[in-house]
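Structure first, then comments.
The structure presented is a predicted model; accordingly, all values stated were derived computationally and were not measured.
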Amino acid sequence: MSKGDPHLRKFVDRLSKKMERDALIQKTTDELREFLQVDRVVLYYFYSEWQGQVTFESLSAKKLSILGSTGPDECFNGEYAAMYLAGRVRAIPNIEAESIHECHRNSLRYLGVKANLVVPILTSAKLWGLLIAHHCQDVRPWLNSDIEMMQKGANAIANSPAVRDS
């Protein structure tokens with residue numbers, strides 16, 4: 001293959017965009033975890049309609065890793081997707097006291113979560129993923145500044161060319 005080969009150039013461009021996207025997502029999750037002072041910030045990516053997995057995470061301790069987790073897909077359906085597609089932000093200060101579906105509560109318990117903050121990553125009217133902060137040490141009231149920072153992070157990811165054009 002020559003340097004001018006269009007297939008090679010296309011491959012290198014795709015690889016470059018993916019590396020830029022990955023670096024942005026990791027930087028964003030790291031900065032959010034630091035700002036929020038939480039145990040874990042993850043990106044839950046939808047690889048098909050309402051099925052996804054944790055593809056990125058920032059952790060306060062390695063033992064908190066849930067990388068690759070698929071979550072309870074049976075809990076996340078078109079009704080929830082529509083709410084997040086409309087921009088829903090879900091801030092749960094105490095998973096035990098919140099009115100949530102029992103399978104969702106059990107999933108959060110399994111992951112060791114005490115407080116949960118979820119913000120959608122939206123691209124051209126598509127729900128690309130969810131940016132999620134988990135506090136595992138204790139319950140936690142979420143501040144408006146916490147929510148705003150998560151939304152800024154989700155928007156930065158959504159507006160990156162590698163995500164926006166995917």
Side-chain angles (χ1 to χ4, degrees), residues 21-22 24-160 163:
R21 181 202 66 199
D22 291 359
L24 171 67
I25 293 170
Q26 193 61 61
K27 180 179 184 228
T28 301
T29 56
D30 288 343
E31 288 176 355
L32 286 169
R33 186 182 55 76
E34 192 65 33
F35 176 83
L36 298 170
Q37 292 296 293
V38 293
D39 299 299
R40 179 171 50 221
V41 173
V42 302
L43 176 102
Y44 188 84
Y45 169 71
F46 291 106
Y47 52 80
S48 68
E49 190 172 275
W50 321 141
Q51 294 184 330
Q53 72 182 79
V54 173
T55 55
F56 288 87
E57 64 185 0
S58 178
L59 309 168
S60 63
K62 284 188 178 204
K63 68 180 182 177
L64 297 171
S65 178
I66 60 170
L67 193 63
S69 294
T70 56
D73 288 332
E74 66 278 3
C75 291
F76 195 89
N77 56 35
E79 179 185 337
Y80 285 108
M83 288 189 276
Y84 284 111
L85 192 53
R88 173 193 201 192
V89 170
R90 182 73 168 166
I92 301 174
N94 179 351
I95 68 154
E96 299 302 334
E98 194 75 14
S99 176
I100 57 177
H101 195 281
E102 201 57 32
C103 83
H104 185 207
R105 187 183 330 277
N106 288 338
S107 174
L108 292 171
R109 281 179 186 147
Y110 176 78
L111 298 174
V113 176
K114 304 270 193 228
N116 190 45
L117 174 58
V118 183
V119 173
I121 300 172
L122 300 168
T123 63
S124 354
K126 175 184 166 191
L127 180 58
W128 189 84
L130 300 171
L131 196 54
I132 307 168
H134 288 158
H135 199 57
C136 302
Q137 306 300 316
D138 204 351
V139 298
R140 177 206 171 113
W142 298 103
L143 306 173
N144 284 337
S145 58
D146 298 337
I147 294 167
E148 289 167 8
M149 191 59 80
M150 286 283 284
Q151 289 173 314
K152 284 180 184 174
N155 287 334
I157 292 168
N159 291 316
S160 73
V163 170

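For the pair Arg21 and Val163, the minimum side-chain heavy-atom distance is below 4.5 Å. You'll find the side chain of His134 reaches within 4.5 Å of the side chain of Ile66, heavy atoms only. A heavy-atom distance below 4.5 Å is found between the side chains of Val89 and Leu117. Within the 4.5 Å cutoff, the side chain of Leu122 has no heavy atoms near those of the Tyr84 side chain. A 4.5 Å side-chain heavy-atom check between Ile157 and Trp128 finds at least one atom pair inside the cut-off.
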Between Leu36 and His135, does a side chain to side chain contact (heavy atoms under 4.5 Å, CB included) hold up when you go through it step by step? CA-CA 9 Å; Leu36 298 170; His135 199 57; over 6 Å; no

Go through it in stages, so that I can follow the logic: the residues are Arg90 and Leu130, the test is side chain to side chain contact (heavy atoms under 4.5 Å, CB included), and I'd like the CA-CA distance, side-chain angles, deciding distance and then a yes or no. CA-CA 11 Å; Arg90 182 73 168 166; Leu130 300 171; over 6 Å; no

Stepwise, does the side chain to side chain contact (heavy atoms under 4.5 Å, CB included) test hold for Arg33 with Glu57? CA-CA 9 Å; Arg33 186 182 55 76; Glu57 64 185 0; over 6 Å; no

Applying side chain to side chain contact (heavy atoms under 4.5 Å, CB included) to Gln51 and Thr70, what does each step give before you reach the verdict? CA-CA 8 Å; Gln51 294 184 330; Thr70 56; over 6 Å; no

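A salt bridge is absent between Arg105 and Glu98; no separation between the charged side-chain nitrogens and carboxylate oxygens falls under 4.0 Å.
Looking at every heavy atom in both residues, Arg40 comes nearest to Cys136 through NH2-SG, 3.6 Å. Nearest heavy-atom pair across Val41 and Thr29 is CB-O, 3.8 Å. Ala154 approaches Leu131 most closely through the heavy-atom pair N-CD2, 3.6 Å.
Residue pairs that meet the side chain to side chain donor-acceptor pair (under 3.5 Å) test with at least one member in residues 143-155, sequence neighbours left out, are Arg140-Asp146.
The one candidate from Thr28, Asp30, Asp39 that meets the side-chain hydrogen bond (donor to acceptor under 3.5 Å, both in side chains) condition with Ser58 is Asp30.
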